[in-house]
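Before any comments, here is the structure.
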Amino acid sequence: MKKGIAASKGYAIGNVFLYEENEVIITDEKVTDTAAELAKLEKAVSLCREQLEKIKEKTRQNVGEHEAAVFEAHILILDDPEFVGSVEAEIKNNSTNAIKAVDTVSKNLIMIFESIDDAYLRERAADIKDVSKRMIANLAGQTVGLEIEKQNTIVVAHDLTPSDTAQLDKTKVRGFITNIGGRTSHSAIMARTLEIPAVVGLGDITTSVKNDDLIIVDGIEGFAIINPDEATVAEYKTKIEAFEAEKEELKKLLDVKVVTKDGKHIEVCGNIGKPKDADQVLENGGDGVGLFRTEFLYMDRDSAPTEEEQYEAYKYVLETMKDKKVVIRTLDIGGDKTLPYLPLPEEMNPFLGYRAIRLCLDQTDIFKVQLRALLRASVYGQLAVMFPMISGIEEFNNAKAVVEECKKELDAEGIAYSNNIEWGIMIEIPAAAVMADELAKYVDFFSIGTNDLIQYTLAADRMSEKVSYLYNPMHPAVLRLIKMTIDGAHKHGKWVGMCGEMAGDEAAIPTLLEYGLDEFSMSATSILNAKKSY
Ligand code: PEP
Ligand code: MG
């Protein structure tokens, strides 16, 4: 048995799928048999084509046409004589080994594309990177990506990126476990949304198991049992049944409205990452959407979503939620969330660096596309917009100035938007919590992002299992900052929500209620369980 950090509730029994992205060592070694090397290359190319066709089809069915087109572009690269032809020539003419030949040719092409002053062509460089990575992995006999074929699979990885997690096929994956990570890393949050039991921070789990080993994931106690005996499997089968029965029982709370003893109505809302998740919020009895992490719209693609695509996404959520409030957060990229087409500087401390509102205020062309889409969609429901990682009033004012620019543009184009949008900020930097009574004069609402607030207050990386013992939501310093934020807002008649994971933490709810928190927002799948605690 291996102990880690419980990241997503539930139990799972299944077989290991080791997801390893080993660095392939590329050598300058020359080959003597170029014909054999060319044959290897041909085999790798056809394997790539087969894999990409499958992913394309799956993406078309599960996500949509637009997203599937990315993989069509990858297939076209395989057919491009500039690419494969040049790799063949490199092998034939210089006796280069196939891996090195793919690496050399793709690096040259990437350099050429990246130097062209055309956004579309620059993005093609990202496609070539992807395809060459796949080809090199196939040539080295390694697995690529999370292409899972078998039912009842438990994914075992060093770490999963948020976009890896988003790709997990729920019909096959029963659970996942990782070497590193904390409860509030985005892959853990994603696992809760998908309702996939998960344990993170298991240390060396990837070297303790091999493919197809039987494994139990205990996402409640936070451990994994490798090759359990029959009695343990039977015990866990019973636990799974009891867990499912409890979930059924909680459904009785679906229509229950939460009212405190002194008669105050408490909003219990859901956090979403994709438009479709809004359906899940309603199915779980949510009073609204308290956080739409819009950066997920920007992931798993090779260019940023257009204004039109974003407009459709926001409109869908607003229409789905009807008259219920929808809090949409502007792009929060950086930290543990990166985009293949948006180069970010290499930083020693990305969580303290160029992320979220800092990036948007610097790259207003990206920011404006989103703000215009939000304004246009605002006519379809009760929209509230909030800016992430606000450290002081200047950032809020600067963001609002960009909003005003967008409104002027829309006015000139004769495009409507609502005048009832609420504009708020996330309180996730201690400085903002301390200054809450000042900030509250200017904003319509606060939403406390405890995932970041805790890590910044206690200087304990939310991603690190090594310091997870310090990452304590109930630390008195954290509680004081939360209380200051709520008091600061109420002093000026503003409402305060919480959209960090602490909002769904049964142990914290009574204290937060006592402090007067107005809205709790959490993974949709935690809503019913939280309702039990009010
Ligand atoms: C938070 O920091 O609490 C939050 C909700 O934002 P994210 O987890 O996306 O950083
Ligand atoms: Mg945050």
Side-chain angles (χ1 to χ4, degrees), residues 7-8 161-163 165-166 181-193 200 269-274 277 281 288-299 326-339 349-360 384-391 395 424-433 436 445-464 468 471-475 478-479 481-482 485-486 496-505 508 512 517 519-524 526 530:
S8 177
T161 64
S163 97
T165 322
R183 224 190 100 73
T184 58
S185 56
H186 283 96
S187 44
I189 293 172
M190 212 50 189
R192 292 197 277 282
T193 304
V200 298
C269 302
N271 293 346
I272 66 172
K274 304 190 294 308
D277 297 343
V281 173
V289 168
L291 166 66
F292 180 174
R293 287 186 168 90
T294 56
E295 47 281 4
F296 284 96
L297 293 177
Y298 291 68
M299 291 180 186
V326 174
V327 184
I328 303 187
R329 176 175 76 184
T330 60
L331 183 63
D332 182 3
I333 213 68
D336 65 338
K337 293 173 286 194
T338 55
L339 301 174
N349 293 299
F351 270 104
L352 297 180
Y354 187 61
R355 64 173 282 207
I357 195 68
R358 302 165 180 191
L359 185 148
C360 285
V385 176
M386 65 181 174
F387 305 114
M389 289 284 292
I390 293 286
S391 65
E395 283 164 333
I425 58 175
M426 289 202 57
I427 301 285
E428 46 189 348
I429 297 183
F445 68 96
F446 290 149
S447 183
I448 308 175
T450 48
N451 302 341
D452 280 317
L453 183 65
I454 298 167
Q455 74 165 347
Y456 296 139
T457 306
L458 302 172
D461 189 338
R462 66 193 268 190
M463 304 285 290
S464 166
S468 63
Y471 189 96
N472 173 14
M474 300 305 275
H475 189 290
V478 174
L479 294 179
L481 289 176
I482 292 172
T485 305
I486 298 172
V496 192
M498 179 179 284
C499 58
E501 293 303 303
M502 187 177 177
D505 181 345
L512 298 172
L517 190 70
E519 179 234 51
F520 292 68
S521 193
M522 59 201 71
S523 314
S526 305

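For ligands, and for the atoms within them, numbers begin at 1 and follow the listed sequence.
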Taking all non-hydrogen atoms of both residues into account, name the closest pair between Met386 and Ile425 and its distance.
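The pair with the smallest heavy-atom distance is CB-N, 4.1 Å.
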Check Pro473 against Val478 and note the closest heavy-atom contact, atom names and distance.
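Closest pair (atom of Pro473, atom of Val478, distance): O-CG1, 3.4 Å.
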[X] (side chain) donor-acceptor with [Y] (main chain) under 3.5 angstrom:
X      : Y      : result
Thr193 : Ser523 : no
Asp277 : Asn271 : no
Tyr456 : Phe351 : yes

Option with minimal heavy-atom separation from atom 3 (O) of ligand 1, where the choices are Ile427, Asn451, Leu453
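When every heavy atom of Ile427, Asn451, Leu453 is considered, Asn451 comes closest to atom 3 (O) of ligand 1.
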What's the separation between atom NE2 in His186 and atom CD in Glu295, rounded to the nearest 0.5 Å?
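Reported value, rounded in 0.5 Å steps: 6.5 Å.
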Please round to the nearest 0.5 Å and tell me the distance separating atom SG of Cys499 and atom CD of Glu519.
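One finds 7.5 Å between SG of Cys499 and CD of Glu519.
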Step-by-step salt bridge (charged side-chain N to carboxylate O under 4.0 Å, His left out) determination, Asp452 to Arg462
CA-CA 7 Å; Asp452 280 317; Arg462 66 193 268 190; 2.9 Å; yes
With heavy-atom distances below 4.0 Å as the criterion, list the atoms of ligand 1 near [X].
X      : value
Cys499 : 5 (C)
Arg293 : 4 (C), 5 (C), 6 (O), 7 (P), 8 (O), 9 (O)
Arg462 : 2 (O), 7 (P), 8 (O), 10 (O)
Gly449 : 1 (C), 2 (O), 3 (O)
Glu428 : 1 (C), 2 (O), 6 (O)
Leu291 : 5 (C)

Taking the N/O/S atoms of Glu428 one by one, which is nearest to the Mg ion (ligand 2)?
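Restricting Glu428 to its N, O and S atoms, the minimum distance to the Mg ion (ligand 2) goes to OE1.
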Shortest-distance N/O/S atom, Asp452 versus the Mg ion (ligand 2)
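It is OD2 of Asp452.
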Would Glu501 count as being in polar contact with ligand 1, using the rule that some N or O on each side must be under 3.5 angstrom apart?
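The answer is no, given that Glu501 and ligand 1 share no N or O pair closer than 3.5 Å.
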Any N or O on His186 sitting closer than 3.5 Å to an N or O of ligand 1?
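So ligand 1 has an N or O lying under 3.5 Å from an N or O of His186.
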Could you check whether any heavy atom of Met502 sits closer than 4.0 Å to an atom of ligand 1, since that is the contact criterion I want to use?
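Judged by the 4.0 Å heavy-atom criterion, Met502 does not count as contacting ligand 1.
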Location of contacts on Lys337 toward ligand 1, heavy atoms closer than 4.0 Å
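Near ligand 1, Lys337 shows its side chain, while the N, CA, C and O stay back.
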Nearest-contact summary for atom 6 (O) of ligand 1 - protein heavy atom, Å
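Residue, atom and distance for the closest contact: Arg329 NH1, 2.9 Å.
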Would Met502 and Ile448 satisfy side-chain contact (heavy atoms from CB on, under 4.5 Å), going step by step from the backbone distance to the final call?
CA-CA 10 Å; Met502 187 177 177; Ile448 308 175; over 6 Å; no
